[in-house]
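Presented below is the structure to which this report refers.
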Amino acid sequence: MFSVETILKSVTSLPTLPVALTRLTELARDDQAEPADFVRVIRHDAAVAANLLRVANSALFHVANPVTSIEQAVNLLGTRRVVELATGASFGRIIPKVLPGYDMTAEGYWTHCAAVAILGEQLASSLGNAAPDAVFTCGLLHDIGKLVLGTFLMQVSGEIQRQLHGATSFLEAERLALGTDHAEVGVAVAARWQLPPPVVCAIRSHHAPSTAESDQTVVDLVHVADGLAHALGFGADRGGLARTMDSKAMARLGLRVHQLEEAAALSLDSIHGMAEWFSQSDGGKP
Amino acid sequence: MKTIAVDIADLKVSSDPDSALVTYALGSCIGVMLYEPNLRIGGLIHYMLPLSSLNAEKARDKPAMFADSGVPLLFESMYRLGCKKENLVVTVAGGGQLQDKDGVFNIGKRNYTILRKLFWKNGVMVTAEDVGGDVSRTVWLYIATGRVVIRSQGKEVDLCSPLRPS
């Protein structure tokens, strides 16, 4: 059995995807490139996005309000530093081909994160929410704890593995096996990276949105988008549909089932686009 | 054996006896499998949502996204290859639900209800089905035999086997 401290201590910088880096480097050389072009590439890369926000919010920049969107971060940091950050983030690190302990491929993990980001943003826009980009970022990063926890989950004994199959939810199974879960570990990653509060809240509370300490709307949107993504089969892991939905989140957002269906219909092409982008990139290759 | 993957919001038919139609990760979505045992032709749709009235543009662009536009299209695709309605073996899988005690996330149930209505109105009999629950399902339809196999939670179960392997 691993101690929770051991697991939390293992939280280090996350791997990233070199293709985003290549693309960013090309953009940096292109005189015609706009900040919006950088934003488009970064939106496809959870680790680069996270690193960017971490630095934008670090002591290096004395910003009055936390930087929560990729647009803000790119404008603040400038294209050169964006490329430097991407280089640093991707140095020798990529998402593992298989996420050990979750029976999930890198593509599966990526597609799920992309689906939550896109569905969350779509749901936000159907509500007229003013800050859909924070939802996108939160969705992309909500399961970041799994990248750390999987390695430990794989090493637990056969007996605990059997217990996992009887657990009511995968989050509970993680706690049974390791004494912690991917939400808690994700918060440790977020704290280390100094990610802005909405992202931290979404990571911590995406399975229990009514416990959110702040940023309730964003947390609720990520919770609903996460459930919707699993229901639609995007990035299904061992947990399948065995996840408890908090109906209070739907009530707080004032969402009806037809809005979930509309978001699903409108998001499908974008989700496929982001999944394709990943499989064409070097993402997940050993 | 060639596997032909049917994506979400898509449908495919095959008459190649050395092929199987497969669709992955049916959660709240539903897979409808049709098989003509005399001609050995199979068809599969993986629809996502119940009603095309939700978004007319998407319904035109991707009719297989919705039950009411996609399922009739699957039957028509089979008829165009000479299949007879009375010979079709119909199986259904999916329509799962998240654990949601207030039933706000009931897309799976809505997907199933509209399908039963469609079948009832058109006199279509279902031979076998595996629907509901909080599970994800993957389905294979083998064209040589019409055998339908469901894989869920690490277990494989035969839903239907109309023909013996020759």
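Lettering of chains follows the sequences in order, A, B, ..., and the numbering in each one begins at 1. Everything numeric in this text was worked out from a predicted model, so none of it was measured. What's counted below: heavy atoms across the whole structure, side chains too, no hydrogens, waters or symmetry copies.
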Report summary line: dist A:R243:CZ -> B:L98:CG (nearest 0.5 Å) comes out at 7.5 Å

Report task. Go through the steps to decide whether B:K62 and A:L268 satisfy the test side chain to side chain contact (heavy atoms under 4.5 Å, CB included), and finish with yes or no. Result -> CA-CA 11 Å; B:K62 267 187 189 298; A:L268 189 61; 4.2 Å; yes

Query raised in the report: Side chain, backbone, both or neither: which part of B:V104 has an atom under 4.5 Å from a heavy atom of chain A?
Result: both

Requested in this report: Hey, could you give me each pair passing side chain to side chain donor-acceptor pair (under 3.5 Å) that has a residue in residues 41-61 of chain B? Not counting sequence neighbours.
Outcome: A:D269-B:K58, B:T23-B:H46, B:S52-B:D68

Requested in this report: With a 4.5 angstrom heavy-atom cut-off, could you sort out which part of A:L232 is near chain B: side chain, backbone, both or neither?
Outcome: both

Requested in this report: Specify which of B:G154, B:G27, B:G103 makes the most heavy-atom pairs with chain A at under 4.5 Å.
Outcome: B:G27

Query raised in the report: By number, which residues in residues 253-261 of chain A have some heavy atom less than 4.5 Å away from chain B?
Result: A:V257, A:H258, A:L260, A:E261

Query - Value rounded to 0.5 Å, distance of CZ in B:F105 from CG in A:L241 - result: 11.5 Å

Query - Residue among A:G227, A:A264, A:A251, A:A231 with most heavy-atom pairs under 4.5 Å to chain B - result: A:A231

Query raised in the report: When rounded to the nearest 0.5 angstrom, what is the spacing between OG in B:S28 and NE2 in A:H230?
Result: 12.0 Å

Query raised in the report: For chain A, which residues from residues 78-97 of chain B lie under 4.5 Å away (heavy-atom distances)?
Result: B:G96, B:Q97

Query raised in the report: What part of B:R110 lies closer than 4.5 angstrom to a heavy atom of chain A: side chain, backbone, both or neither?
Result: side chain

Query raised in the report: Which residues in residues 8-21 of chain B have any heavy atom lying under 4.5 Å from a heavy atom of chain A?
Result: B:I8, B:A9

Query raised in the report: Got a second to check how far A:L228's CG is from B:I107's CD1, nearest 0.5 Å?
Result: 5.0 Å

Requested in this report: Examine whether an atom of B:L26 lies under 4.5 Å from a heavy atom of chain A, and if so say whether it belongs to the side chain, the backbone or both; otherwise answer neither.
Outcome: neither

